[in-house]
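Okay, structure first, notes after.
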Amino acid sequence: GKPRRMRVMLSPRDLEVLEFIIDMKFAGLNEVFEKFFSRVGSDRTVTSSTEWTRKRLRQIEAAGLLRADVGIGLRERVYFATFKGYHAVSSIHPEKMLAKPTGGLDLRTFVHDRELLLVRLEFERKHEELLWISDRKLRQGQGPNLGFTSAYVPDALIELPGIGNVALEIEIALKSSARYRDKIQRYVRIMRESRGRPDGLKKVIFRCLKRPCFDAISKECDIYGEMFEVSLVPSLSGIERGAK
């Protein structure tokens, strides 16, 4: 018969971990450790040991709430939520309207998705109370009604102090000039139409991992001035192949 699943009592922190993994499609040990377990106690003391995180992830996996697989260019496994994990969070927090779990790793977008995961952690190091609305939530209609469609949403919508709502795009592979132009014009229209709203779109950030992407997007954005911020940045994951 089927092996019996281990039973676990989920803590509020475990539910947060599951929600985070569902939202970002997957996460590895180090990402979960940094976000949820790297500071301990009432004084938020920084710790460097990942052993408790590793043990807890394995317990949640043994209970059937997570599964693990090896992604592109990684030695460590990454974890993604099962439907059992999804239902565990949804039953306790039905108001959260979680996106359905992916059910596995999509290697076609893995490099992009991992880069986005690491960029999120980078932003959260700089801004502790950062509001991050993922593309998966935006496709469900969550967040401010800015006119995004299910086919055209940013990789994330973030709220930056002193600026407001900012669309974030990670570009790792060159696309056609026409596609970039169409995307940028859509953003310009959204920014202009929502200009007077406190929750309007104030800016778009493009993080480009390749020089051709940076050059092509910069050319299209130059005429719009500070509405766009385009930067050429090194890959946080160090993985060069794969695209979205």
Side-chain angles (χ1 to χ4, degrees), residues 3-93 96 98-107 109-134 136-137 155-156 158 170 235-239 242:
R4 295 183 63 185
R5 291 292 189 186
M6 175 178 153
R7 292 177 63 88
V8 296
M9 183 71 72
L10 293 174
S11 68
R13 181 56 53 88
D14 294 331
L15 293 169
E16 290 177 10
V17 170
L18 283 167
E19 182 184 352
F20 175 70
I21 290 174
I22 290 169
D23 199 30
M24 301 306 294
K25 298 184 182 178
F26 60 82
L29 165 70
N30 290 330
E31 291 84 58
V32 173
F33 167 74
E34 177 179 338
K35 184 166 176 64
F36 297 103
F37 299 105
S38 60
R39 293 180 180 271
V40 298
S42 58
D43 59 353
R44 306 286 289 159
T45 302
V46 176
T47 179
S48 59
S49 174
T50 60
E51 284 311 302
W52 163 247
T53 308
R54 188 185 305 276
K55 179 180 178 180
R56 193 57 180 162
L57 286 171
R58 286 177 174 171
Q59 289 171 340
I60 298 173
E61 180 187 10
L65 306 176
L66 290 174
R67 284 178 55 202
D69 203 350
V70 178
I72 296 171
L74 299 178
R75 293 180 181 177
E76 288 272 357
R77 302 185 305 166
V78 295
Y79 292 87
F80 55 90
T82 64
F83 275 89
K84 183 178 179 181
Y86 164 80
H87 288 301
V89 181
S90 297
S91 63
I92 297 172
H93 296 294
K96 289 190 178 288
L98 302 177
K100 293 288 178 66
T102 56
L105 299 182
D106 185 345
L107 296 182
T109 63
F110 180 84
V111 175
H112 175 277
D113 295 337
R114 178 161 166 74
E115 192 70 29
L116 182 62
L117 170 64
L118 298 178
V119 168
R120 175 172 179 171
L121 294 179
E122 181 185 80
F123 270 97
E124 289 178 345
R125 281 182 221 118
K126 296 176 183 176
H127 311 285
E128 283 193 18
E129 298 301 319
L130 180 77
L131 176 63
W132 177 288
I133 305 175
S134 68
R136 309 189 76 213
K137 287 182 177 177
D155 290 321
I158 57 179
I170 310 296
S235 167
L236 297 177
S237 66
I239 307 168

I92: partners by side-chain contact (heavy atoms from CB on, under 4.5 Å), with sequence neighbours left out: L15
Checking R67 now: which residues fulfil side-chain hydrogen bond (donor to acceptor under 3.5 Å, both in side chains) with it, not counting sequence neighbours? none
With sequence neighbours excluded, what pairs up with R75 under the salt bridge (Lys or Arg N to Asp or Glu O under 4.0 Å) test? none
Just to verify, what does E76 make a salt bridge (Lys or Arg N to Asp or Glu O under 4.0 Å) with, not counting sequence neighbours? R54
Residue set satisfying side-chain hydrogen bond (donor to acceptor under 3.5 Å, both in side chains) with S91, at least two apart, ordered chain then number -> none
Could you list the residues that satisfy ring-ring contact (aromatic ring centres under 6.0 Å, His included) with F26, not counting sequence neighbours? F110
Test side-chain contact (heavy atoms from CB on, under 4.5 Å) applied to N30 - qualifying residues, sequence neighbours left out: T50
Over all heavy atoms of both residues, which pair between P101 and R136 is shortest? Give the atoms and the distance, please. C-NH2, 4.2 Å
Just jot down the salt bridge (Lys or Arg N to Asp or Glu O under 4.0 Å) partners of D106, sequence neighbours excluded, or say none. R108
For E122, enumerate each residue passing the side-chain hydrogen bond (donor to acceptor under 3.5 Å, both in side chains) test, keeping only those at least two apart in sequence or located in another chain. R207
Sorted by chain and number, sequence neighbours left out, side-chain hydrogen bond (donor to acceptor under 3.5 Å, both in side chains) with H87 holds for none
Which residues share a salt bridge (Lys or Arg N to Asp or Glu O under 4.0 Å) with E31, sequence neighbours left out: R114
Which residues satisfy the ring-ring contact (aromatic ring centres under 6.0 Å, His included) test with F20, sequence neighbours excluded? F36
